[in-house]
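Just so we're clear, the structure is a prediction, and the values are computed from it rather than from any experiment. Chain naming here is simple, since letters A, B, ... match the order of the sequence lines and numbering starts at 1 in each.
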Amino acid sequence: MDISKRLSDLVQGGLFPNIITFLTQIISTLILFYFLKRLVWKPMQEFLAKRSDAIVGELEGAKKAHLEAESMKLKYENDLKSAQDKAGMILENARVQALETKEGIISEAQREAEYKIEKANKQILLEKSKVEQELKNQAIDIAFSAAEKLVNENIDDDKNRRLIDKFITEVGEQ
Amino acid sequence: MQYSNDSKVIIPKRSSSLILSIAAIVAGFFIVVTLIGIIVSSLFNYEEVTINNETKMMFHLKWVESDAFVLVPHVISIIIIVVFLLLLMIIINVKIKKSDPFVKPKGLLLLVEIFVSSIDNFTVEMLGEKLKSFAPYIGYLAIYLFAANVFGLIGFTPPPTANLSVTLTFGLTTFILIRYYGIKYNGWGHFKSLFQPILLSPINIIGELAIPFSLSLRLFGNILSGVIIMALIYGGIGLGFNTLLTNVFQTNAEFGEIFAPFLGFVPLIHIYFDLFSALIQTFVFILLTAVFISNASE
């Protein structure tokens with residue numbers, strides 16, 4: 001029968017040891033194993049290793065960058081603090097200096113004012129004495145002329161003048 | 001004729017390279033088939049043998065008149081699988097070299113990546129870090145045995161693993177590897193352990209010698225049983241349809257079998273016997289090989 005013949009073919013072909021099949025299988029095993037290792041396995045492992053290396057490298061880089069950023073942050077914070085301190089100091093100095101300047105200016109002005117007042121006083125006194133002297137001289141002149149008119153004759157000039165001076169002084173004192 | 005210095009660089013288009021590679025694959029396939037034909041015709045004699053009024057085609061080796069040198073159809077299956085797998089490997093190699101490891105892989109490359117990394121993990125888990133270089137052999141077994149077991153689905157020639165000579169090759173290879181790694185890692189202690197309780201030494205020796213036969217007969221039996229059951233189902237359905245057609249149309253119909261794949265339950269049986277069984281047997285074979293070798297290398 002058809003089916004039984006086919007089955008017997010299948011079993012007979014496969015069951016009994018066959019040198020040709022054996023050799024073919026061994027050769028094909030060698031070929032396929034060699035090419036699988038050479039064409040697929042090694043390139044794929046290199047491919048995967050490249051990727052994992054890159055991932056590990058990136059992670060390490062990120063860690064390093066993080067540490068660096070942390071140290072930079074610390075440094076900048078310190079810098080900021082010192083800058084703030086310096087600014088405060090500068091402001092304080094400026095205030096102190098301004099106060100000193102202010103006081104200096106005020107005292108200078110006072111001194112100047114005092115000097116000016118004194119000078120004015122002196123001037124006034126001087127003027128006063130000068131006017132007094134003039135007045136005295138004018139009085140002497142007037143008295144002289146009056147006496148001249150009165151006497152109307154030539155008298156000893158020196159003697160008269162001394163007399164008149166004495167007189168005026170007495171009058172002035174009174 | 002003078003060309004200007006700033007002549008454009010011609011960049012080959014992707015489509016043309018694809019056509020070229022397909023043409024190369026087809027040409028390579030034909031060259032391989034022709035070479036195989038030349039080799040077979042120079043080595044074998046073709047003869048028709050008549051047994052019980054039935055003629056049989058037979059290829060005999062030219063110089064030996066023994067049944068052990070007959071060309072069986074499984075050899076053709078082996079050659080087809082080898083050529084197919086080689087082409088696949090070349091395509092994968094080109095794809096790996098072209099692609100960028102930092103881009104998400106997809107398609108065939110993703111499958112290969114998953115396959116390679118899982119076989120590597122399996123090897124390290126079973127055999128330890130020292131035998132990590134063993135992974136390509138495990139990977140080869142996985143690919144080849146799966147392809148060979150599934151080959152019955154094509155229906156052209158029987159699957160190679162339905163041939164005892166083929167499975168015995170793998171069994172003997174495993175046996176040789178067990179002895180090799182046993183001697184490499186344990187020296188003569190590897191053989192001493194066989195005689196440890198001296199009374200049990202015959203059982204130990206028989207047990208060790210049975211390993212290649214148990215491995216190869218398990219695989220062979222499972223696949224051959226699937227093939228036989230599928231042949232019975234196809235034969236039965238063909239017989240039924242032939243009888244039906246002969247009775248209805250009064251003709252001598254002989255093509256009833258072509259209706260079988262269109263019946264709903266036949267593909268399900270194919271899935272069980274060809275795909276599921278193929279996968280399970282491949283996995284069992286790999287697992288047992290790894291277990292035996294790890295036992296020997298401890």
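Residue-level contacts of residues 42-68 of chain A with chain B, in order of numbering, are A:P43, A:M44, A:Q45, A:F47, A:L48, A:K50, A:R51, A:A54; threshold 4.5 Å between heavy atoms. Residues of residues 113-144 of chain A never come within less than 4.5 angstrom of chain B, heavy atom to heavy atom. Chain B is approached within less than 4.5 Å, heavy atom to heavy atom, by A:T24, A:Q25, A:I26, A:S28, A:T29, A:I31, A:L32, A:F33, A:F35, A:L36, A:K37, A:R38, A:L39, A:V40 from residues 24-40 of chain A, ordered by number.
No more than 12 heavy-atom neighbours from other residues, nucleotides or ligands sit within 6.0 angstrom of CZ on B:F213.
Within the 4.5 angstrom heavy-atom criterion, atoms from both the backbone and the side chain of B:Y137 approach chain A. Residue B:A231 touches chain A through both its backbone and its side chain, counting heavy-atom pairs closer than 4.5 Å. Contacts of B:I81 with chain A are absent, with no heavy-atom separation under 4.5 Å from either backbone or side chain. Proximity to chain A is absent for every atom of B:L141, based on heavy atoms less than 4.5 angstrom apart.
Each of B:A135, B:P160, B:P105 has some count of heavy-atom pairs under 4.5 Å with chain A, and the biggest count is that of B:A135. Annotation: maximal heavy-atom pairing with chain A below 4.5 Å, among B:F220, B:F170, B:Y140, occurs at B:Y140. Annotation: maximal heavy-atom pairing with chain A below 4.5 Å, among B:S117, B:S99, B:G235, B:S165, occurs at B:S165. Chain A forms the most heavy-atom pairs under 4.5 Å with one residue out of B:L232, B:T169, B:L224, and that residue is B:T169. When B:T161, B:V116, B:L85 are compared by the number of non-hydrogen pairs under 4.5 Å with chain A, B:V116 comes out ahead. Ranked by heavy-atom pairs shorter than 4.5 Å toward chain A, the options B:D100, B:D120, B:V94, B:I119 are led by B:D120.
The side-chain contact (heavy atoms from CB on, under 4.5 Å) check on B:V83 picks up B:F29, B:V32, B:I79, B:L87, with sequence neighbours excluded.
Using a 4.5 Å heavy-atom threshold, the side chains of B:I228 and A:V11 count as touching.
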Worked verdict on A:F22 versus B:L172 for side chain to side chain contact (heavy atoms under 4.5 Å, CB included): CA-CA 11 Å; A:F22 209 82; B:L172 287 176; 3.7 Å; yes
